[in-house]
Amino acid sequence: MVTLLKNALLLLVAVCPFIGVNGQSKPVKGDYPIQPVPFTAVKVTDQFWAPRIRLNHDVTIPIALNHCYSTGRVDNFLVAGHLKEGTKFCTEFPFDDTDIYKIIEGASYSLQTFPDKKLDARIDSLIAYVAKAQEPDGYLYTARTIDPLHPHPWAGLKRWEKESDLSHELYNSGHLFEAAVAHYQSTGKRSFLNVAIRNADLLVKEFGPGKLRHAPGHQVVEMGLVKLYRTTGNKQYLDLAKFMLDVRGTGKEYSQDHKPVVEQTKAVGHAVRATYMYSGMADVAAITGNKAYLTAIDQIWNDVVDDKYYLTGGIGAAGGHEGFGDSFELPNMAAYNETCAAIGNIYWNQRLFLLHGDARYYDILERTLYNGMLSGVSLSGDRFFYPNPLESKGQHARSAWFGCACCPSNVCRFIPSVPGYVYAQRGSRLYANLFINSTAAVTLNGTPVSVSQQTTYPWNGDVQFVVDPAKTSSFELAIRIPGWAQNKPVPGNLYSFASQSTSRATLSVNGTPLAYELENGYAIVRRAWKKGDVVRLDLPMAVRRVQANALVKADENKIALERGPIVYCAEWNDAPDGHVLDLIVPGNAPLQASFRSDLLGGVEVITGDVQKARRTTDGQINTTPTKLTAIPYYAWANRGAGEMAVWLADKPAAARPTPAPTIAATSTITASLKTKALMALNDQDTPKSSNDRDNLYYHWWPKRDTLQWVQYTFAKPATVSSAKVYWFDDSPWGGCRIPASWKLMYQTAAGDWQEVKAKTPYAVTKDRFDEITFEPVQTGAVRMLVQLPKEASSGIIEWSVN
């Protein structure tokens, strides 16, 4: 059996350019000119990534599988395959099938690092359920198969008819193909691959010139078809992938269907869909040599990096459509930055590197990897972020699972593949792209070579490469010199360091300093290598202040802190009063870095003497000295919910001062609908508009056409005579509008509620405070009654009482 498996895998390498998601040992004609060294050839032994990869195997994958059982995702396949009685789809979304596929994919990768008979058996059982749910002609979509006459509302009465809009039939197929290839490459078993091939053959039969022309509503099938082509050699799959890209251009901007792909130059719409499409375009372009695809995705990449990219590596600022906003529209508290989008951005940037060999793509990849992607999963491996904001008042917390669980299952499949991003190869050149304590086995110029990295990166910039060829051999080691080590935090001009550093990355070979010139961001070491040769890279790891382009209004008069690839944030736990949004970091404040082994699994922290802003009752801002402790952004929200900020004021006017002790600020807030967002009502932040997402807001959505209320219970009875309210209204896309009406009540000494005697009318307007004055009353509580409109809900950004 062992011999048969080895033979199957040797055959696989001969026909399949990519092992898993990360490449193969040899490129085939017409593929990426640079090939990743597969994750199976890189053994990670550090204290940063190795425990996370193990945790993903031991915790994340098992809990994700358990959630798939408990939430009905597995039942969908059992019912569709007549292994369990039932006539109804068991979950909420027609794409829930893909959570099973992505977890199988992740488990397949993980099994290659951690052989596990129990997990292997669980995956075999799931594959058997999936196979049973497949229809005889290869169709696989439980949301229809369970009850073909009454399919999921998003599915349409006929196959594929809503594919460009809501059905996700091809999205399901794409993740099926990726998972099936991963499972086959991991185990040599064809059980899942055969399911994928039957489904792909159906797509070939039904889609293409002269046949169905539905553009995939959620891209990923393009990447999946290319992987299936590489595995089977069936060119029909490659041709179909290209067709599904070329058929776009008559639909919505939301799904990048507004123009032919070769005419697109801007990143628009849903960010996950976008990065999956750009990755698919790169795959097809690499194989077919399609220069128009390359021109398009290069232009789109420039658009993202120049004006739509967060310092943390997140993309997709707008929550309404989970996607890209306008140029320089990068709010912090309202930042969406879906975890899946970060993973998609890594896929896309790795492919651009494989095409162009330029380090700037890995500068983006590394930043996204260590910050915007890693923040998506808790240090315990069992809780997840869907959005990844850069600021919080405590309304954000990771969840154990989601109704739409794409992010947890994506984490499951991505984490085990991280070692495959460390190295890449082109002929006799080995690219060292990431710095992780590890050992890699490669072949260069026909000679087996072991390359080990010795480093405590990302906490330390000292990296040693020990090169052990089987015999003396000439080849090149291309070492990436990160942009942040060259006074450039990111490609483009979106972010810059507040001051320039004179420190420079240094290289030595066997203790002798090496002068180097950069080639596309790489220092090239050329020599006849012998066993035990040591190349040492020393990267400057000073604390750096970052400032945003002046066009990013959300970061005006603010700075962020970086050290190496790590972006930092201030979090409530490290402030005596629990407030960090009021911090001011003056330009001359000295900042220090030190390692805390007792904190958050061991992290480097940044500390310094800074200031705190407090609002006075007369509206002025006072400052007082305080201490700053900043932690890596990826580690925030692991100690409970509270305030957090990446961008910190460097001037008092840019801070969010601690509220003045007004009647409202010292009140207890209650409401007809209790949520964490109630804290928005009395935080004394003045919004820019009724749809200012960078201010915390409270809402009653999805309630509508009902009478709702919010209430202040004062710390002690007081006399009040006026109130003002700023309504939340997220039109045209959201579900909240200004209310139909409102009125103010006060509580009498007897405990009854009476309406105040208004001196001015109750106005209801957008983008301004509506104020009412009334005859003074002494009371211990006031309540606002709000009549919601018939067709929408309503919300409040700020409410004050005087």
Side-chain angles (χ1 to χ4, degrees), residues 92-93 95 166 218 252-256 267-275 304 307-345 368 371-373 375-376 384-399 402-408 410 552-555 633 636-637 641 644-647 675-677 679-680 685 687-702 727-737 792-797:
E92 185 175 359
F93 299 109
F95 49 75
L166 288 170
H218 192 313
K252 300 177 181 177
E253 184 177 271
Y254 170 74
S255 55
Q256 298 79 39
V268 297
H270 191 275
V272 182
R273 286 168 163 84
T275 54
V304 172
D307 53 40
K308 294 172 182 171
Y309 183 69
Y310 277 93
L311 186 68
T312 55
I315 56 172
H321 63 279
E322 300 182 326
F324 297 103
D326 294 333
S327 295
F328 306 105
E329 181 189 343
L330 296 166
N332 291 311
M333 191 175 295
Y336 202 72
N337 290 347
E338 185 180 336
T339 300
C340 287
I343 292 173
N345 203 27
T368 304
N371 301 288
M373 178 271 145
S375 61
F384 309 91
F385 270 141
Y386 200 113
N388 293 270
L390 279 73
E391 189 173 288
S392 180
K393 286 190 174 180
Q395 73 272 36
H396 301 98
R398 291 183 182 85
S399 299
F402 305 99
C404 172
C406 56
C407 294
N410 237 351
V552 184
K553 297 304 180 184
D555 301 332
Y633 168 76
W636 82 281
M644 180 277 293
V646 169
W647 289 96
T675 72
K676 289 182 178 180
M679 68 180 79
D685 283 342
K688 301 178 183 69
S689 70
S690 289
N691 197 14
D692 182 359
R693 298 298 191 93
D694 229 15
N695 261 296
L696 184 60
Y697 54 89
Y698 167 81
H699 61 79
W700 287 282
W701 190 86
W727 304 110
F728 174 67
D729 183 316
D730 58 358
S731 58
W733 307 114
C736 290
R737 302 293 183 270
S793 193
S794 296
I796 300 171
I797 301 179

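The first residue in the sequence is number 1, and the count goes up from there.
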- prompt: Which residue pairs satisfy the salt bridge (charged side-chain N to carboxylate O under 4.0 Å, His left out) criterion with at least one member in residues 693-702, sequence neighbours excluded?
  reply: Arg693-Asp730

task: Answer whether the closest heavy-atom distance between the side chains of Ser794 and Trp701 falls below 4.5 Å.
output: no

- request: May I ask you to decide if Cys404's main-chain N or O and Glu92's side chain share a donor-acceptor pair within less than 3.5 Å?
  value: no

message: If I take atom CD1 from residue Ile343 and atom SG from residue Cys407, how far apart are they, to the nearest 0.5 angstrom?
response: 7.0 Å

- request: Verify the ring-centre separation between Phe385 and Trp636: is it less than 6.0 angstrom?
  value: yes

message: Quick one, His218 and Ser255 - any side-chain contact, counting heavy atoms below 4.5 Å?
response: no

- request: Output the distance between atom CD (Glu391) and atom CH2 (Trp647), rounded to the nearest 0.5 Å.
  value: 12.0 Å

query: Listed by chain and number, what are the salt bridge (Lys or Arg N to Asp or Glu O under 4.0 Å) partners of Lys252, not counting sequence neighbours?
result: Asp165

task: Kindly indicate, with the supporting measurements, whether the criterion side-chain hydrogen bond (donor to acceptor under 3.5 Å, both in side chains) is fulfilled by Asp729 and Ser731.
output: CA-CA 6 Å; Asp729 183 316; Ser731 58; 2.7 Å; yes

message: Can a donor-acceptor pair be found, under 3.5 Å and without considering hydrogens, that links the side chain of Ser793 to the backbone of Pro702?
response: no

statement: Tightest non-hydrogen contact, residues Gly734 and Arg737, listed as O-NH1, 2.9 Å

message: Could you check whether any side-chain heavy atom of Tyr254 comes within less than 4.5 Å of a side-chain heavy atom of His270, counting everything from C-beta outward?
response: yes

- prompt: Can you check whether Asn332 reaches Val646 side chain to side chain, under 4.5 Å on heavy atoms?
  reply: no

Chi angles and distances behind the side chain to side chain contact (heavy atoms under 4.5 Å, CB included) call for Phe384, Ser399: CA-CA 5 Å; Phe384 309 91; Ser399 299; over 6 Å; no

task: For the residue pair Pro387 and Asn337, establish whether any side-chain heavy-atom pair is separated by less than 4.5 Å.
output: no

task: Could you check if a side-chain atom of Leu311 sits within less than 4.5 angstrom of a side-chain atom of Leu330, using non-hydrogen atoms only?
output: no

- prompt: Can you list the residues that meet the salt bridge (Lys or Arg N to Asp or Glu O under 4.0 Å) rule with Asp685, with sequence neighbours excluded?
  reply: Lys393, Arg656

task: Return each pair, listed once, that meets salt bridge (charged side-chain N to carboxylate O under 4.0 Å, His left out) where at least one residue sits in residues 308-329; pairs must be two or more places apart or across chains.
output: Asp303-Lys308

query: For the atom pair CD1 (Ile796) and CH2 (Trp727), what is the distance rounded to the nearest 0.5 Å?
result: 5.0 Å

- line: Of all heavy-atom pairs linking Ala271 and Gly316, the shortest is CB-CA, 3.9 Å

message: If we count only N and O atoms by modelled type, under 3.5 Å, do the side chains of Thr275 and Asn345 hold a donor and an acceptor together?
response: no

statement: Looking only at heavy atoms, the pair that brings Phe324 and Ala267 closest together is CB-O, 3.6 Å

field: Rounded distance [0.5 Å steps], OG1 in Thr368 versus OH in Tyr310
entry: 13.5 Å

field: Closest contact, heavy atoms only, Pro408 versus Ala405
entry: CD-O, 3.2 Å

- prompt: Between Asn388 and Thr339, does any side-chain donor sit less than 3.5 Å from a side-chain acceptor?
  reply: yes

message: Taking ring-ring contact (aromatic ring centres under 6.0 Å, His included) as the definition, give me every residue that meets it alongside Phe328, ordered by chain and number, with sequence neighbours left out.
response: none

- request: Indicate yes or no: at least one non-hydrogen side-chain atom of His396 is less than 4.5 angstrom from one of Lys676.
  value: no

- line: Across all chains, not counting sequence neighbours, the ring-ring contact (aromatic ring centres under 6.0 Å, His included) partners of Phe728 are Tyr697

- line: Scanning both residues in full, the closest heavy-atom pair of Ser392 with Gly394 reads OG-N, 3.0 Å

message: Can you see whether Asn371 engages Thr312 through a side-chain donor-acceptor pair at a distance of less than 3.5 angstrom?
response: no

- request: Heavy atoms only: give me the nearest Ile797-Ser690 pair and the separation to one decimal.
  value: CD1-O, 3.7 Å

